[in-house]
Number of protein chains: 2
Amino acid sequence: MPYNRAIRGSNGQGPGRGRGCGASQTWRGKLKGCGYRITIPRKVILEELNRKGGHLSAEDIFMKVHKVYSNIGLTTVYRTLELLVQMGMVSKLDFGDGRARYELVKEGEEAHHHHLVCTKCKRVIDYVDFIDEEVEFLKRAEKGLSRKHNFVIKGHSIRFFGLCNKCANKK
Amino acid sequence: MPYNRAIRGSNGQGPGRGRGCGASQTWRGKLKGCGYRITIPRKVILEELNRKGGHLSAEDIFMKVHKVYSNIGLTTVYRTLELLVQMGMVSKLDFGDGRARYELVKEGEEAHHHHLVCTKCKRVIDYVDFIDEEVEFLKRAEKGLSRKHNFVIKGHSIRFFGLCNKCANKK
DNA sequence: GTAAATGCAAAGGTTTTGCACGTTA
DNA sequence: TAACGTGCAAAACCTTTGCATTTAC
């Protein structure tokens, strides 16, 4: 097996290569730190992800990257994304439209955000206006859940569904 | 077109038949109120959904229902579920394992709950232990989001991800 | 040079669609 | 008896896998 490939739905972390091996700040450093190679596909995919306006599907990324590196294959996009997800550099999102979306995990300000999904046009807006209550609520919830259900909480996801500006006005 | 079929990813509500036409308390009444017929597939699928231990995939439901009504087709299960989702009687859930899960929308006590998803074994636990803070937090969040992003909030979903009891102990 | 990474083609799995045949009201 | 609803088979769609080839180190 060329490198860690996750079974669909598994987190597929291989020994010594998953989350936690890439302490560097740069993506190059992170990849190298985990024993992965720096390649053109990885470079251009990360550059695309780094662009503003996230929530791209694998095919979105493939098409955009194809313009600058026409040799790219969709398979590589999937494999690269999966690798980055497992390294914790990318989040795999899902807005209920049957295809996964991906976004770069940012540090600091933008790190913590959730999404508003328009159920009609599928537009997704980042929701960053957090209030202290959320942090407090989540902290308590996690503590309670860990205790009651013996569950080790690793993360959470909050999505709001509704109608965006445009769709709400269209009757 | 026999009846409203949603395009993948659309909510596909037809005129006068979507959410809001089924004021009755019984599923029979709701279907009839929306102009839909009472059929054996719909009956047995709803009975299955009404059973405890939700989060069933279309195929889960198909297999369970098949035992009591062997004539059922998987297509009908999908179409029925889609219909019920659009009528607001069923929630379509997604825990990131590539297949949708469905659960009956309950009224009252059980109405409001979220999920704990084990990222390893995919087990899902209902999380019903709500604290006042959550309600407060969500209320404010929704208000803020509506104003700032001009978004009509219809619902939300909170998921916690982590490791369940068993998986956490398996190192 | 050697193992890792890629690209293509093919397969896999879930969900949707077309259409002729049943069923409900 | 007219629509509505169903079942089957086939298609569509996203994602994964096998394998020969290329590439990074």
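Among the nucleotides C:dG18, D:dG5, C:dA25, the one closest to any side-chain atom of B:Arg79 is C:dG18. Candidate nucleotides D:dT15, D:dC25, D:dT6 were compared by shortest atom distance to the side chain of A:Arg37, and D:dC25 ranks first. With D:dT15, C:dA25, C:dT6 as the candidates, the nucleotide lying closest to the side chain of A:Pro41 is C:dT6. Listed nucleotides C:dT17, D:dT15, D:dT6 differ in distance to B:Thr75; the shortest reach to its side chain belongs to C:dT17.
Side-chain nitrogen and oxygen atoms of B:Tyr78 include at least one within less than 4.0 Å of the OP1 or OP2 phosphate oxygen of C:dT15. Within the 4.0 Å cut-off from OP1 or OP2 of D:dC13, not a single side-chain nitrogen or oxygen of A:Arg99 is found. Distances shown here put a side-chain N or O of A:Thr39 below 4.0 Å from the OP1 or OP2 atom of C:dT6.
For A:Glu47 and A:Arg51, the salt-bridge test fails: no basic side-chain N is under 4.0 Å from an acidic carboxylate O.
Map B:Glu59 and A:Ser70 each onto its nearest nucleotide of DNA chain C; the residue landing nearer the 5' end is A:Ser70. Nearest-nucleotide positions on DNA chain D for A:Tyr102 and B:Tyr69 put B:Tyr69 closer to the 5' end. Checking B:Lys32 against A:Gly73, the closest nucleotide of DNA chain C that is more toward the 5' end is the one next to A:Gly73.
No side-chain N or O of A:Arg42 forms a donor-acceptor pair with one of A:Thr80 less than 3.5 Å apart. Side-chain atoms of A:Asp126 and A:His115 include a donor-acceptor pair closer than 3.5 Å.
Distance A:Phe62 CZ to D:dC14 P: 13 Å, rounded to the nearest Å. Straight-line distance from the CG atom of B:Leu74 to the P atom of C:dG13: 14 Å, rounded to whole Å. When the P atom of D:dA24 is taken as reference, atom CG of A:Leu31 falls 14 Å away, rounded to whole Å. In this structure, B:Ile38 places its CD1 atom 6 Å from P of C:dA25, rounding to the nearest Å. Between A:Arg101 atom CZ and D:dC13 atom P the separation is 15 Å, expressed in whole Å. The CD1-C1' distance, from B:Ile72 to D:dT6, rounds to 9 Å in whole Å. Taking atom CG of A:Leu84 as the reference point, atom P of C:dA5 lies 12 Å away to the nearest angstrom. Between B:Gln86 atom CD and C:dT16 atom C1' the separation is 13 Å, expressed in whole Å.
B:Ser24 places a side-chain N or O within donor-acceptor distance of the main-chain N or O of B:Thr26, the cut-off being under 3.5 Å.
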- Query: After noting the C-alpha distance and the side-chain angles of A:Phe151 and B:Cys118, does the key distance pass the side-chain contact (heavy atoms from CB on, under 4.5 Å) rule?
  - Reply: CA-CA 8 Å; A:Phe151 216 92; B:Cys118 176; 3.9 Å; yes
